[in-house]
A.B. asks: 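Below is a structure I'd like to ask you about.
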Amino acid sequence: MSEALIEVSRVSKSFGGVVANHDISLTVAEGRITGLIGPNGSGKTTLFNSIVGYHPIDAGSIKFEGREISDLNVQKIARLGLVRTFQQTRIYAKMNCLENMRISIAHRNAAWGDMFAKYPPAVVERAEQLLEFVGLYAKRNLVAGSLSFGQQKLLEFAMALMNEPKVLLLDEPTAGINPTLINGLIDRLQRANRDFGITMFIVEHNMRVIMNMAEHIYCLAHGELLAAGPPEKIQNDKSVIDAYLGAH
């Protein structure tokens, strides 16, 4: 069995009188791709935000590599190796792709935050290698805002890889992407998991994608954990079908 890198224990989070997460416990195993599914409003994004420090939890515990992190801020958690992407891309639209790659690691060295500064050759080389990895090397000097939405997601993925994450949390990586690009993105996610050893925790609405990628899947509904298990179990779980799959 793989060791758990992320351990969520009895986590609850409310916004005013609205309960977003209630008593959720789950683990993300090292080296694996773990999926998180559920209907809209089930609390998936809230849980992601809690794990990476965007808002404090009301109760419970979140551990990374055995260390409690629920009391840490976003920057400190990122430096530990937990990196998150978003449903809507967060790129620097007026900068070119290579500049986006460089500035994505500015938090490691304040001097690198200046896009006119001389970046260490190793940083530039890694940025170019990762742009090649996601198929954007030929567009490295193009303004990021001119890319298609799918290409922007690939750029954001490459920017996340620049930070050498131990765990990458991806929030609906295929949402809004042209179907012709989805297979390419899936291939790169699987290669990053296999070749770079990056553990992944993925929220995804495309059931074909998550069932083919994830080794273990959790399903949330109404802010609570509804089911957990391998893809074949989740696909045949009546409660999951009723709450989520049956709605499609």
Side-chain angles (χ1 to χ4, degrees), residues 1-6 8 24 26-45 47-48 51 82-89 130 132-136 148-161 165-221 225-248:
M1 292 293 292
S2 299
E3 182 180 353
L5 284 186
I6 298 175
V8 174
I24 294 176
L26 56 80
T27 61
V28 176
E30 182 177 10
R32 294 186 178 180
I33 297 177
T34 300
L36 183 64
I37 65 172
N40 290 332
S42 61
K44 305 183 299 297
T45 296
L47 183 62
F48 261 35
I51 291 172
L82 269 170
V83 177
R84 182 204 197 289
T85 65
F86 296 84
Q87 294 179 33
Q88 297 299 320
T89 57
L130 289 173
E132 176 70 30
F133 175 73
V134 299
L136 293 177
S148 70
F149 184 70
Q151 291 170 335
Q152 289 181 19
K153 284 222 169 185
L154 287 169
L155 175 60
E156 186 182 41
F157 176 47
M159 290 166 66
L161 295 179
K166 294 178 182 177
V167 180
L168 187 55
L169 290 82
L170 299 117
D171 198 348
E172 297 195 33
T174 70
I177 294 182
N178 186 309
T180 60
L181 288 178
I182 288 180
N183 287 338
L185 176 59
I186 292 172
D187 175 68
R188 287 169 175 87
L189 292 174
Q190 291 175 321
R191 285 170 57 196
N193 170 250
R194 181 183 67 244
D195 300 341
F196 301 160
I198 298 173
T199 300
M200 296 186 182
F201 191 23
I202 303 177
V203 166
E204 182 56 65
H205 272 299
N206 187 319
M207 299 308 297
R208 178 183 67 84
V209 169
I210 202 64
M211 292 296 169
N212 288 334
M213 287 184 62
E215 299 175 62
H216 195 85
I217 298 173
Y218 294 95
C219 180
L220 300 185
L225 184 63
L226 181 66
E232 56 272 18
K233 176 184 176 182
I234 296 298
Q235 283 180 309
N236 295 301
D237 189 301
K238 187 178 185 303
S239 64
V240 174
I241 294 171
D242 291 343
Y244 184 62
L245 301 179
H248 290 262

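Owing to the predicted nature of the structure, the values given are computational and were not obtained by experimental measurement.
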A.B. asks: Is any side-chain N of the basic residue among Lys233 and Asp237 closer than 4.0 Å to the acidic one's carboxylate O?
C.D. replies: no
A.B. asks: Which heavy atom of Ala160 sits nearest to which heavy atom of Val83, and what is that distance?
C.D. replies: CB-CG1, 3.9 Å
A.B. asks: State, to 0.1 Å, how close Thr34 and Ala214 come at their nearest heavy-atom pair, and which atoms those are.
C.D. replies: C-CB, 4.2 Å
A.B. asks: Testing the basics here: between Pro231 and Glu215, what is the closest heavy-atom pair and its distance to 0.1 Å?
C.D. replies: CD-O, 3.5 Å
A.B. asks: Shortest non-hydrogen contact from Leu189 to Leu170?
C.D. replies: CD2-CD2, 3.9 Å
A.B. asks: With rounding to the nearest 0.5 Å, note down the distance linking CD1 in Ile186 to CD1 in Ile33.
C.D. replies: 10.0 Å
A.B. asks: Do Arg208 and Ile182 have side chains that get closer than 4.5 Å, going by heavy atoms?
C.D. replies: yes
A.B. asks: How many angstroms lie between atom CD1 of Ile177 and atom CG of Asn206, to the nearest 0.5 angstrom?
C.D. replies: 10.0 Å
A.B. asks: Step by step, work out the side-chain contact (heavy atoms from CB on, under 4.5 Å) result for Leu161 and Ile198.
C.D. replies: CA-CA 9 Å; Leu161 295 179; Ile198 298 173; 3.3 Å; yes
A.B. asks: Nearest 0.5 Å please: distance from the CD1 atom of Ile217 over to the CD1 atom of Ile202.
C.D. replies: 10.0 Å
A.B. asks: Working to the nearest 0.5 Å, report the span between OG of Ser148 and CG of Leu154.
C.D. replies: 8.0 Å
A.B. asks: Test Val203 against every option in Asp171, Leu169, Leu47 by the side chain to side chain contact (heavy atoms under 4.5 Å, CB included) rule and name the one that passes.
C.D. replies: Asp171
A.B. asks: To the nearest 0.5 Å, what is the distance between CD (Glu172) and NE2 (His205)?
C.D. replies: 4.0 Å
A.B. asks: Rounded to the nearest 0.5 Å, how far apart are CZ of Arg84 and CD of Glu156?
C.D. replies: 9.0 Å
A.B. asks: Any idea which heavy atoms bring Thr27 and Ala4 closest together, and the distance?
C.D. replies: CB-CB, 4.0 Å
A.B. asks: Is the closest side-chain heavy-atom distance between Val240 and Ile37 below 4.5 Å?
C.D. replies: yes
A.B. asks: Does the Lys44 side chain pair with the main chain of Gly38, one donor and one acceptor, at a distance under 3.5 Å?
C.D. replies: yes
A.B. asks: According to the interplanar angle, ranging from 0 to 90°, do the rings of Phe201 and Tyr218 count as parallel (below 30°), tilted (30 to 60°) or perpendicular (above 60°)?
C.D. replies: perpendicular
A.B. asks: For the residue pair Asn193 and Thr199, what are the closest heavy atoms and their distance?
C.D. replies: ND2-CA, 4.4 Å
A.B. asks: Distance-only, no hydrogens or angles: does the Glu204 side chain make a donor-acceptor pair with backbone N or O of Gly35 under 3.5 Å?
C.D. replies: no
A.B. asks: Any sub-3.5 Å donor-acceptor pair from Arg32's side-chain atoms to Val28's backbone N or O?
C.D. replies: no
